[in-house]
*Asks:* 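This is the structure I have questions about; it appears just below.
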Amino acid sequence: MRQGKYPFIVGFLAAPVLLYVVFVISPYIQAFYISMTNWKGISANPQFIGLENFTRLFDDEVFWAAVRHHGVLLLVMPLVTIVIALFFSFLLNLSGGQRGGRMTGIWGSKVYRVIFFLPQVLAVAIVGVLFQAIYRPDGTGVINGLLGKVGVDPVGWLIDPDIALLSIIAVMVWQAVGFYVVLFSAGMSSIPKDVFEAAALDGAGRFTLFFRITIPLLWDTMQVAWVYLGIAAFDAFALVQVLSVDRGGPDNSTTVLPMEIWRTAFSFSKFGYASAMGVALFFMTITFAALTLRVTRRERIEF
């Protein structure tokens, strides 16, 4: 530090910045370049075709079907996950009333946190295989087996185009809820208990505590959760790959852009066109994150 703070800072930042440029920025630049070529994955000198691949996207029905599915995912998955996670977090942390002069959660809340978090530690492929057995369309499936016992005909959870995407979204919510229960629980634990105790002494019920105090004070955490869940909604590749019929079916009713990028590149050897889809997905994700942070921005509450 005697030689000045700037050489000291540069010395520590040089290696991380170099690694970031090589392994993050450089692949982005290569993807942008490949998206403007007709590269088939073989030729060392692909032909430059400009924006032709992006023009083709506008007439690609499968591409737009995948975009619509991302719209459904962005609307349903984050909203349902956050609502369920907030409800469970409130139960685990603040629903037990006052005990010993402080707000407490329900009995055994620490055990419930571990149980809720367990799906998060499972590999996505394992989750997909697990729900293949649960969603099996005949009577051997877990859900259809239970429905059969009460006289309900089996439901084609993953083979019915009308409900296949919603069935996969339900799996995504099931896996994600545990993480956000822990995240919101950490946020609630950082809120001074005096705020809840004062509101309870003034006669505030659990409904008021949740909507008028807990949610406003957790707004920043919810904002981060919405961005993370939105980015997850732009992925969904692994679960669609494992659970869907014919990788995105039936009739492209569950396909998503990562699935189409993989199929276009490795099944049809159209790496240039697949890269164009990847670039479109990149800008969709960046736009979503920027708009979410902008729309949900509000004055920060300081304690």
Side-chain angles (χ1 to χ4, degrees), residues 23-24 27-28 30-32 34-35 39 41 53 57 60-81 119-135 157-159 161 163-180 225-289 292:
F23 292 105
V24 178
Y28 280 137
Q30 293 178 46
F32 292 155
I34 293 173
S35 69
W39 190 45
N53 286 326
L57 289 178
D60 191 336
E61 294 181 2
V62 177
F63 170 80
W64 288 110
V67 172
R68 288 194 297 271
H69 296 157
H70 283 299
V72 176
L73 284 164
L74 284 172
L75 179 64
V76 177
M77 199 268 281
L79 180 62
V80 174
T81 302
Q120 190 67 32
V121 303
L122 297 176
V124 179
I126 294 176
V127 172
V129 173
L130 173 66
F131 274 88
Q132 280 182 337
I134 293 174
Y135 280 147
W157 301 102
L158 297 174
I159 62 177
I163 62 173
L165 181 61
L166 294 178
S167 299
I168 293 177
I169 291 175
V171 180
M172 297 175 66
V173 171
W174 177 84
Q175 187 185 27
V177 160
F179 175 82
Y180 293 96
W226 194 282
V227 172
Y228 284 173
L229 286 166
I231 293 173
F234 276 114
D235 184 8
F237 170 79
L239 283 177
V240 172
Q241 170 86 342
V242 177
L243 284 175
S244 65
V245 177
D246 195 25
R247 295 172 179 172
D251 298 329
N252 295 319
S253 60
T254 60
T255 192
V256 289
L257 279 178
M259 172 60 65
E260 291 308 315
I261 292 170
W262 177 86
R263 194 201 315 270
T264 302
F266 297 103
S267 295
F268 305 137
S269 296
K270 298 179 180 179
F271 285 85
Y273 191 50
S275 295
M277 291 185 181
V279 171
L281 179 60
F282 168 79
F283 283 110
M284 289 180 193
T285 307
I286 293 295
T287 302
F288 164 78
T292 300

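A quick note: this is a predicted structure, and the numbers were derived from the prediction, not measured. The first residue in the sequence is number 1, and the count goes up from there.
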*Asks:* Could you grab the distance from atom CG of N53 to atom NZ of K270, nearest 0.5 Å is fine?
*Replies:*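 Nearest 0.5 Å value for the CG-NZ distance: 10.0 Å.
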*Asks:* Output the distance between atom CD1 (I286) and atom CG (L281), rounded to the nearest 0.5 Å.
*Replies:*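 The distance works out to 10.0 Å.
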*Asks:* Please tell me if the side chains of Y28 and F282 come closer than 4.5 Å, counting only heavy atoms from C-beta onward.
*Replies:* yes
*Asks:* Could you check whether atom OH of Y228 has more than 12 heavy atoms from other residues, nucleotides or ligands sitting under 6.0 Å from it?
*Replies:*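 Open: at most 12 neighbouring heavy atoms sit under 6.0 Å from OH of Y228.
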*Asks:* Assess the residue pair R263 and V62 against the criterion (side chain to side chain contact (heavy atoms under 4.5 Å, CB included)); give the C-alpha distance rounded to whole Å, side-chain angles, the decisive distance to 0.1 Å, and a yes or no.
*Replies:* CA-CA 12 Å; R263 194 201 315 270; V62 177; 6.0 Å; no
*Asks:* How close do A164 and P250 get, heavy atom to heavy atom, and via which atoms?
*Replies:* CB-CD, 4.2 Å
*Asks:* Hey, are the side chains of P119 and V127 touching, using non-hydrogen atoms and a 4.5 Å cut-off?
*Replies:* no
*Asks:* Return the OG to CD1 distance between S253 and I168, rounded to the nearest 0.5 Å.
*Replies:*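 The OG atom of S253 sits 8.0 Å away from the CD1 atom of I168.
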*Asks:* Any idea which heavy atoms bring L57 and W64 closest together, and the distance?
*Replies:*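 For L57 versus W64, the nearest heavy atoms are O-NE1, 3.1 Å.
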*Asks:* Go through it in stages, so that I can follow the logic: the residues are W157 and F131, the test is ring-ring contact (aromatic ring centres under 6.0 Å, His included), and I'd like the CA-CA distance, side-chain angles, deciding distance and then a yes or no.
*Replies:* CA-CA 10 Å; W157 301 102; F131 274 88; over 10 Å; no
*Asks:* Stepwise, does the side chain to side chain contact (heavy atoms under 4.5 Å, CB included) test hold for I169 with V80?
*Replies:* CA-CA 10 Å; I169 291 175; V80 174; over 6 Å; no
*Asks:* Look up atom OH in Y135 and atom CD1 in I159, then write down how far apart they are to the nearest 0.5 Å.
*Replies:*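 Y135 OH to I159 CD1: 13.5 Å, rounded to 0.5 Å.
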*Asks:* Below 30° counts as parallel, above 60° as perpendicular, anything between as tilted: where do the rings of F237 and W262 land?
*Replies:*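 If you compare the ring of F237 with that of W262, the planes turn out tilted.
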*Asks:* Testing R247, E260, H69 for side-chain hydrogen bond (donor to acceptor under 3.5 Å, both in side chains) with T255, which one passes?
*Replies:*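 Testing each of R247, E260, H69 against T255, the sole residue satisfying side-chain hydrogen bond (donor to acceptor under 3.5 Å, both in side chains) is E260.
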*Asks:* Rounded to the nearest 0.5 Å, how far does CD of Q120 lie from CG of L122?
*Replies:* 9.0 Å
*Asks:* Under 30°, 30 to 60°, or over 60°: which ring-plane class applies to F234 and F288, parallel, tilted or perpendicular?
*Replies:* perpendicular
*Asks:* Please find the pair of heavy atoms, one from A238 and one from V124, that lie closest to each other, and give the distance.
*Replies:*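 Looking at all heavy atoms of both residues, the closest pair is CB-CG1, 3.4 Å.
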*Asks:* Tell me the closest heavy-atom pair linking A236 and L73, and the distance in Å.
*Replies:* CB-CD1, 4.3 Å
*Asks:* Of all the heavy-atom pairs spanning D235 and H70, show the shortest one and how long it is.
*Replies:* O-CE1, 4.2 Å
*Asks:* Tell me if a side-chain donor or acceptor on Y273 pairs with a main-chain N or O of T264 at a distance below 3.5 Å.
*Replies:* no
*Asks:* Might you point out which heavy atoms bring W226 and L74 nearest each other, and give the distance in Å?
*Replies:*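 W226 and L74 have their closest heavy atoms at CZ2-O, 4.2 Å.
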*Asks:* Between L130 and W174, is a side chain to side chain contact (heavy atoms under 4.5 Å, CB included) present by the stated rule, with each step listed?
*Replies:* CA-CA 12 Å; L130 173 66; W174 177 84; 4.2 Å; yes
*Asks:* Can E61 and N252 be said to form a side chain to side chain contact (heavy atoms under 4.5 Å, CB included), step by step?
*Replies:* CA-CA 10 Å; E61 294 181 2; N252 295 319; over 6 Å; no
*Asks:* Hey, is CZ on F32 packed in by over 12 heavy atoms from elsewhere, all under 6.0 Å?
*Replies:*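 Yes, CZ of F32 has more than 12 neighbouring heavy atoms, counting only those of other groups under 6.0 Å.
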*Asks:* Mark yes or no for whether D246, through its side chain, and G249, through its backbone, hold a donor-acceptor pair below 3.5 Å.
*Replies:* no
